[in-house]
Every structure is written in structure tokens, then in C-alpha cells.
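Sending over a structure as C-alpha cells; questions will come in a sec.
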Amino acid sequence: MSTADLLADLNDAQREAVLHIDGPLLILAGPGSGKTRVVTHRIAHLLEQGIHASQILALTFTNKAADEMRTRVATLAPGARVWLGTFHRFGVRMLRKYGELVGLAPNFTIYDTSDSKQTIKRVIESQRIETAKFTAERIAAAISAAKNKLITAEAYQPKSGSPLSEVVAKVYPAYQQRLLQSAAVDFDDLLLHVASLLHENPEVRAQLDEQFKYVLVDEYQDTNRAQYVILRALSHDYPNLAATGDPDQSIYGWRGADLNNILEFERDYPQVKVVRLEENYRSTQRILRIADDLIAHNKKRKQKSLWTKNPEGPPVKLITYADQDEEARDIARQIRESIDAGSRRANEYAVFYRMNALSRAVERAMREAQVPYQMVRGQEFYQRKEIKDVLSYCQLLNNPLDDIACERAINTPSRGIGERTLERLGAHAYEYRVALLDAAREALQIEGLAKRTATKVAGFVATIDAIAKYQAESVEEVIGAVLSESGYRDVLAASDDEEDQNRLANIEELLTDARQFDERYEGHAPLEDYLERTWLVNDIDGWETDSDKVTLMTLHAAKGLEFPVVFLVALEDGILPHERSAQSPDELEEERRLAFVGITRAKQELQLSLTQRRDFRGQRRISIPSSFLMELPRHEMDQVRVTSDELTFDPMEFDGGADDDISFDFGDEPAKPQAAPIKEVAVAVTTAAALAEKTTGYMGPAISPDEFTLHMTVVHAELGPGKIVALSGSGKNRRATIQFPVAGQKRYVLAHAPLRPANR
DNA sequence: TCATGACTAACTGTT
DNA sequence: TTAGTCATGA
């Protein structure tokens, strides 16, 4: 494609970015500003200019983003073999080639979060490390955070006064050593090892820097320290680093993303050319204004004005529902009706939520309304127990040092090899510094292991050896061998548990998946490459863009996507913003960015919703509206209260109030004693005042007027929670202006108003 | 010593 | 709601 063609239909800023060739480039791209377009057109332009495809490296965070770019580049520049992929995949590729420089065998295993947690547990057990009641999870998180900051096990220093860091200082080196012994890496290592090998091997660094003369990074605002260092190392001699990103869409701080990387890009690369893409081609003016107003409350950002030539659009809706079922049903109903009316198709809709746990009610409502939907959930398939079970055999074949795989496989299906036996084997392995599988091979010689048990272990080893014969065959054959030799399939087939039948079906799906992989595979290590795929793919990759279904996903997964109509549910305090972010202003800003990302996915219509009460962890809680709602321009929005008063006030209506079959256990099965908590609910919702009384979990004790402070969140007996935005007078005359998320601003004499501070 | 079933505590987001 | 832990019987 010619340069002229590549520039057609681009605005000035986009054109400027596309035409940039040498030297650092920073593209600050607001949502919907055609960023992917610019990046892909720029790649095509580089190729057009005679730059060889092998000199271009494009890094993304998700496979989906990489795939999309690949498709688009293929259209613009057919046949060009540009290396396009995720950071982690790039890490794998580097480590397969240069891993020995950091002591890693090329057939290494990648441990997911649960594997690495398991490894940490084992390390703590076998080395009897005193963990001062910190859970493996806490320790794992701390190690991960250190790795993201590029602090190696050797360099880790405990902070004085931090008991956790004292523990980490002991566990981290032991864990890292165990990983290397097992020829395994965790997700963070994929970046950390690469960063250190580039640092420690200047000649390799120089060689790669030269090889990848043009490096492009997407979502630069989400890079962590390790990624930052890798990028710097690859663009030292050839500083043609092009970063695209938007500080307002940084939502991975918890994974070590450092917003400063993008905020200080200009300091790092003084010669940088900065291009701002501010014209939005996606959303209506109304949606954009709401997004803009919200994000304006953040302090840590680069000023950026979003604008669009798009039409004004309908008002954004803000709806309060009685509970999550009402919320979900109403959304399903709206979708159902417009599909039936022929005005929209299912795939034009998306429902976003803060946490996966919130999807349940929505899913059920979609099913009931017979609305086709697809739920995008991180890692689902390959994370299932039965799939991990089967794959653990494959992992063990590929890497016999992989103790976690061995531990998993050794007693699945159940062979009578239990905790104690495993402990003995583990102790033996630790003592002689051999892999668990090797310890198992010597089972008969291990002291303290009963003959009978040792025989069982030997049986397992024989199984592994039998399967190993298939190792060089296609992946489907390997998995087939695992299923028959291990007896896993027979055990499941013989079971009359419905769950097991389900598992069997999933395993058949795995075989199909493997077959499809085999059919398309061109390479020389199918098993290893297949495993790599199972470790690094994300479920969003399985997201079908063109199927006609409503999309259900978390806000995190939604980044980079767009939909004509978006529903954002559960705008409630503790959910969005999430309760775990309440203490830190930085984290609160990240939550706000998350909301911003959700809002800016919408092209034409947007509905925000919240509920008055929500079932959570089996408990019913009264909701406090999200503080973010107070930051939105209310006059721009259509506020609706579908709280159906009759439903709230009349317990009888409550039972069958909505148009279809709400059923509660207590109605159908009077014999069961668990009806009690529901009864309480029926009382609780009798009146709004009573409801407020019942919110004592959220309401602090009554306090005197002078104890109310500015910005305090308070709960009003009828209007619910609100925030104090102004205060005057004192004692009996002390008055407060309170901003309620839904009811707006109200002024009260504190001595007489039914107000209490929220209990937080 | 293992498997099984009951009980309990926790549970954000993702490569 | 479920994963993980604990107690109990085989």
C-alpha cells in the first residue's frame, strides 16, 4: 500500500504519528482516538520505507490486542513478518534462546499464580521457614511486587519495621532457587529474567537492540519497572521507541504498572516527538462529557482534552434498582426488547462489572430472558482442575524437573499416594537435591516408606515412562496417551457424578483443542509450544468478535474494546471503588480510571446502575452509592429509580413482584430451617426508615453535630448515604449541605436530622 | 495412611 | 459461593 493510501482518512495528528520514522515517539491517545489504526498504519509505513519486517518489534499486553494488530497489518502490508506479540511471549522467546545465561534450561515450565503459590508453600514447609502467620498468598504478592520492581532475590532487603518483608527476605531466595531447580519461571520472571540478562550481557543487549531497530509498545501506561528496563535496553543504540498510551487508562497499578513511565517519557527521551490524539471517533458528546468530568477528579494525569464531532446522543442513564436481580433482569429485558423490535443485535451490547463475582446475577437474567451472551473470564478453561490435571502429565514429560506438575500428577487419578508419602518423597528430593520425579524413581530405597506405598509410587513412574514414549508425537496423541495410560478417563467415565461427566466433556474439548493446534502447527516442538499456549493465553482471546451475543466482562478486560451500548453495573461504594482501594489516594484514582475506561467503551448509549442492597458472599448488604456518582454531571443524565416501591415496601409483593419467577427457598421448602435470614430481610425492607435502621452495619453511632466534618460520608435514614459538601454554624445551629448520589444536594440542621456517619 | 465429608474462612483485577 | 482445612471412619 502506498504512503498516500496509508494517510488517507487520517487526521493531522494521526498523520504526523504515522509518518514519524526515526527517534523516540510518544503517542498520547485518548479513548476512541484511532490509536490502533495509527500504530498499524505506522508499521505499514515503516515497511513501505524499506525497513525490513524483522527489524520491527511490536509489544502489547494481551494476545487479543496483538492479534488485532496482526490482522490489520496483514491487510495493509500482506506477507510482512513483523514480530507482534505480548511482553510475556516475547520474554518466553528470549528465554528459550538466552535463558542459559540466567541459569534456565530451554524447556522451562511457566508457573501460573496458583502454581507459584504452591511452590512457595512447599519451600516454606521443606525449609521450615518461620512465616509469622503471613499466608503464602501475602508472601507471593510481596515477591511478585519485588520482581515487578526489578528487585532480585539477592538484592532484596527487608525493610525495618516490616515483619512481612523480613519473611519475604527469607522466602524469596529459597523460592527463586526452587524455581530454577525445577526449571520453572513464574509470570514475573518472564520479564525479570529478560531484564537481567540484557543488563548482564551487554553483547546480547547490543545485538538485540540492533536486531529490533524499531520497537513499538502499546498501552505504555501499564508498563512496570521490568518492562521499562527491557524497552530502554532495546532502544539504546537505536532509540526508535514508539510508545502509545493514555495515563487515564492505567488500570494495572496493582500489577506493578508505574504511571511514571509514561508521565516521564519526555524526560527519559529528550528528543521525543509527542503526538496527542484527542479527537474521539467513538462516543457521543454526552458520553464523552461524563467521562471527562469524572476523570478530571484525578490529580495524577497529563492534561488532555477529549472532543468529538459525533452527535450529542441520548442522555446517559443512571438507574437505582432494588437489588442485583432487578438490575440484571431489567438490563436483560431492555436488551431482549430491542432485539425483538429489530432495532439492535445482541452483539451491540456489553455489560461491565468490577468483579467476576458480580456476573452471576447478570448471567442468570440473560438466560431467563433467553438473550444469547458470552462471558469473558480470565483464564477459565486451562485453569480448570481436570485440564490442569491432564496438562500436568504433559508438563512433566516436557520438563521432568517440574515438581509442581509431578506433585499434581502423582495422585490423579487417586492412586493411594497421599500427603505423608509426598512429604517423604519431598524430603528425600530436598536432601539429595533431586527432582521429585527422580525421588519417586528411588521410592523403593527410601527409608520409612512402606513397601506397599513404594510400589504405588513405582506404578506412577511406570505410567510416566509409558506416556513418555509418545512425547515426540502430536499433542493430541500425547494427551490421548495421558488419558488412557493414567486411567484418568476410565475413572471419570465410571463415575456417575454429574460433575465428573462434565469434566469428561471438558477433557474431550481439550483433545479437540490439541487437534486443532496440531493441524495448524508448523514447528519442531509441538508439546512445548502447546504448553506455552496454555500458560499464556487469556480467555479474552477466545472472545468471539463476530458472534451475535451480548458480552459480559470485567472492566479490566474491557480495555481496548468498544460497544454501541454499554451497561455498567454496581456503581456502589466498596465495589467501584473497590473497598481495598479506599485507604490509598493512588488506588482510588486507579478505580476512577477503571470507571473511565468502562464509560468510554460506549459508542451510543450508556447506562450506569446501582442497587439499594446487594447479596454478597451469601450476605445481604445495604449498598452505599459509589462516590464517583457524585462526580458526574447529574444534569446531563437521566435518573431513574426502578426501585419499585411496592416491591420495597410490601413483603408480599416482594415474593413475586417482578414479572417472572423470583423464587426464594423459604417459599418452596418450609421444612428447611435456613429460612430465617430471609425473613429478616422481609422485615428489613418493610420501610425505607426501617431499611436504614437495618443498615447499622454501615452506620456509625450517633454523634453530636460538631463531630460532623467536611467530606464525611453520612447515612440518611431515608435518602441513604451522602457526602457532606458544606458545613456551617455549631452546636444546635450546625447545618450541613449533603450531596446524595441520587437525590442531589440537601441541607439539614444536624441536631434534628436523621443522620449518622457512615461506618467505614 | 488415605479418602471422604463436614465445616470454615475468604473473596478485586490479569500476564 | 467455593476453595481450603479439619475431623472421622476405612
Side-chain angles (χ1 to χ4, degrees), chain A residues 59-66 85-92 110-118 121 135-138 141 144 147-148 185-192 219 222-224 226-227 250-257 352-361 363-364 376-380 382-383 385 411-424 448-450 452-454 456 497 499 532-541 553-560 570 574-582 587 590-591 593-595 597-598 615-619:
Chain A
L59 295 170
T60 63
F61 278 80
T62 62
N63 291 304
K64 192 189 160 292
T86 65
F87 263 104
H88 289 83
R89 218 174 255 278
F90 176 72
V92 173
I110 302 169
Y111 282 173
D112 67 19
T113 318
S114 72
D115 295 333
S116 95
K117 206 170 78 189
Q118 190 70 9
K121 274 190 192 159
T135 61
E137 204 162 346
R138 281 289 296 284
S144 173
K147 286 185 173 184
N148 286 327
V185 297
D186 60 25
F187 282 131
D188 305 314
D189 283 341
L190 290 176
L191 305 173
L192 178 63
E219 311 280 11
D222 286 331
T223 50
N224 61 29
Q227 287 160 326
S250 166
I251 54 176
Y252 286 104
W254 51 275
R255 214 171 67 187
F352 301 150
Y353 33 81
R354 175 65 236 266
M355 312 173 268
N356 282 310
L358 298 172
S359 70
R360 200 174 297 275
E363 261 192 291
R364 189 172 51 219
V376 177
R377 218 169 167 183
Q379 298 261 319
E380 251 318 66
Y382 295 113
Q383 292 284 64
K385 184 188 174 300
N411 199 35
T412 8
S414 169
R415 298 189 173 88
I417 302 171
E419 196 94 1
R420 300 284 297 160
T421 310
L422 209 54
E423 218 171 84
R424 296 249 160 84
L449 210 60
R452 224 169 56 120
T453 319
K456 290 176 189 162
D497 186 352
E499 184 68 40
E532 181 183 317
R533 208 177 66 111
T534 67
W535 295 323
L536 295 180
V537 295
N538 181 285
D539 253 25
I540 190 151
D541 306 331
M553 55 169 64
T554 63
L555 286 165
H556 282 89
K559 191 159 69 160
I575 294 179
L576 183 67
H578 193 271
E579 57 189 342
R580 303 250 279 238
S581 65
E587 284 179 42
E590 181 154 313
E591 295 289 309
R593 290 193 290 269
L594 205 44
V597 166
D615 290 337
F616 209 59
R617 297 180 198 171
Q619 295 251 305

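The figures here come from the full heavy-atom set of this structure, side chains too, leaving out hydrogens, waters and symmetry mates. Bear in mind that the values here come from a model prediction, so they are computed numbers and not experimental data. Every chain is numbered from 1 and lettered A, B, ... according to where its sequence line falls, protein lines coming before strand lines.
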Inset, instruction - For the pair A/Asn411 (side chain) and A/Gly418 (backbone), establish whether a donor and an acceptor sit closer than 3.5 Å, ignoring hydrogens and angles. - result: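 A pair under 3.5 Å: no.
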
Legend entry - A/Asn356 side-chain N/O to B/dT12 phosphate OP1/OP2 under 4.0 Å: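 No, no such contact exists.
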
Legend entry - Separation of B/dT14 C1' from A/Glu219 CD (nearest whole Å):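 From A/Glu219 CD to B/dT14 C1': 13 Å.
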
Inset, instruction - Whole angstrom is fine here: how far is it from CD1 in A/Ile251 over to P in B/dT14? - result: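 For the pair A/Ile251 CD1 and B/dT14 P, the rounded distance is 9 Å.
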
Inset, instruction - Quote, to the nearest angstrom, the C1' distance that separates C/dG4 from B/dG13. - result: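 Per the computed distance, 22 Å lies between those C1' atoms.
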
Legend entry - Residue closer to the 5' end of DNA chain B, A/Phe87 versus A/Glu591 (nearest nucleotide):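 Comparing both residues, the 5'-ward one is A/Glu591.
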
Inset, instruction - Using whole Å, report how far CZ of A/Arg138 lies from P of B/dC11. - result: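 Result: 11 Å.
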
Inset, instruction - Check the distance between B/dG13's C1' and A/Asp222's CG and give it to me in whole angstrom. - result: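 Computing the A/Asp222:CG to B/dG13:C1' distance gives 12 Å.
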
Legend entry - Per A/Met355 side chain, nearest of listed nucleotides B/dG13, B/dC11, C/dT1: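 Of the candidates, B/dG13 comes closest.
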
Legend entry - Heavy-atom closest pair, residues A/Leu576 and A/Ala595: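 Result for this residue pair: CD2-CB, 4.1 Å.
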
Inset, instruction - Consider the side chain of A/Lys121, meaning its heavy atoms from C-beta on, and name the nucleotide among B/dT14, B/dC11, C/dT5 that approaches it most closely. - result: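 My answer, after comparing the listed nucleotides, is C/dT5.
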
Legend entry - A/Gln227 side chain to A/Asn224 backbone, donor-acceptor under 3.5 Å: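 A pair under 3.5 Å: yes.
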
Inset, instruction - Kindly state whether the pair A/Tyr252 / B/dG13 counts as stacked, where counting means centroids closer than 5.5 Å and planes tilted less than 30° apart. - result: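 No, A/Tyr252 does not stack on the base of B/dG13, since the centre distance and plane angle fail the 5.5 Å and 30° test.
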
Inset, instruction - Name all residues meeting the salt bridge (Lys or Arg N to Asp or Glu O under 4.0 Å) criterion together with A/Glu532; count only those two or more places apart in sequence or in a different chain, and write none if there are none. - result: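 If we apply the salt bridge (Lys or Arg N to Asp or Glu O under 4.0 Å) test to A/Glu532, skipping adjacent residues, the hits are A/Arg89, A/Arg96.
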
Could you go over nucleotides 1-10 of chain B and give all protein N or O partners under 3.5 Å, atom names and distances?
from	atom 1	to	atom 2	distance (Å)
B/dT1	OP1	A/Arg424	NH1	3.2
B/dT1	OP1	A/Arg424	NH2	3.4
B/dT1	OP2	A/Arg420	NE	3.2
B/dC2	OP1	A/Gly418	N	2.9
B/dC2	OP1	A/Thr421	N	3.4
B/dC2	OP1	A/Thr421	OG1	2.3
B/dC2	OP2	A/Arg420	N	3.0
B/dA3	OP1	A/Ser414	OG	2.6
B/dA3	OP1	A/Gly416	N	3.2

Legend entry - A/Asn148 side-chain N/O to A/Arg255 backbone N/O, donor-acceptor pair under 3.5 Å: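 Yes, the answer is positive, given that a donor and an acceptor are paired below the 3.5 Å cut-off.
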
Legend entry - Whole-Å gap separating P (B/dT12) and CE (A/Met553):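 Atom-to-atom, A/Met553 to B/dT12, this comes out as 21 Å.
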
Legend entry - Nucleotide B/dT14, atom C1' - distance to NZ of A/Lys117 in whole Å: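 Whole-Å distance recorded here is 15 Å.
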
Legend entry - For atom NZ of A/Lys385 and atom P of C/dG4, their distance in whole Å: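 In whole Å, C/dG4 P lies 11 Å from A/Lys385 NZ.
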
Inset, instruction - Send over the distance from A/Glu363 CD to C/dT1 P, rounded to a whole Å. - result: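 One finds 14 Å between P of C/dT1 and CD of A/Glu363, rounded.
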
Legend entry - Check: A/His556 ring centroid to A/Trp254 ring centroid under 6.0 Å: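 Yes, they do, as the ring centres are separated by less than 6.0 Å.
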
Legend entry - Inter-nucleotide P distance (B/dC11, C/dC6), Å rounded: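 Straight-line distance between the two P atoms is 15 Å.
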
Legend entry - Main-chain N/O of A/Phe61 paired to A/Glu219 side chain as donor or acceptor, under 3.5 Å: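 Pair absent, no side-chain N/O of A/Glu219 close to backbone of A/Phe61.
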
Inset, instruction - Describe the nucleic acid contact of A/Phe61 in one word from base, sugar-phosphate, nothing, applying a heavy-atom distance below 4.0 Å. - result: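 Counting heavy atoms under 4.0 Å across all strands, the contact made by A/Phe61 is with sugar-phosphate only.
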
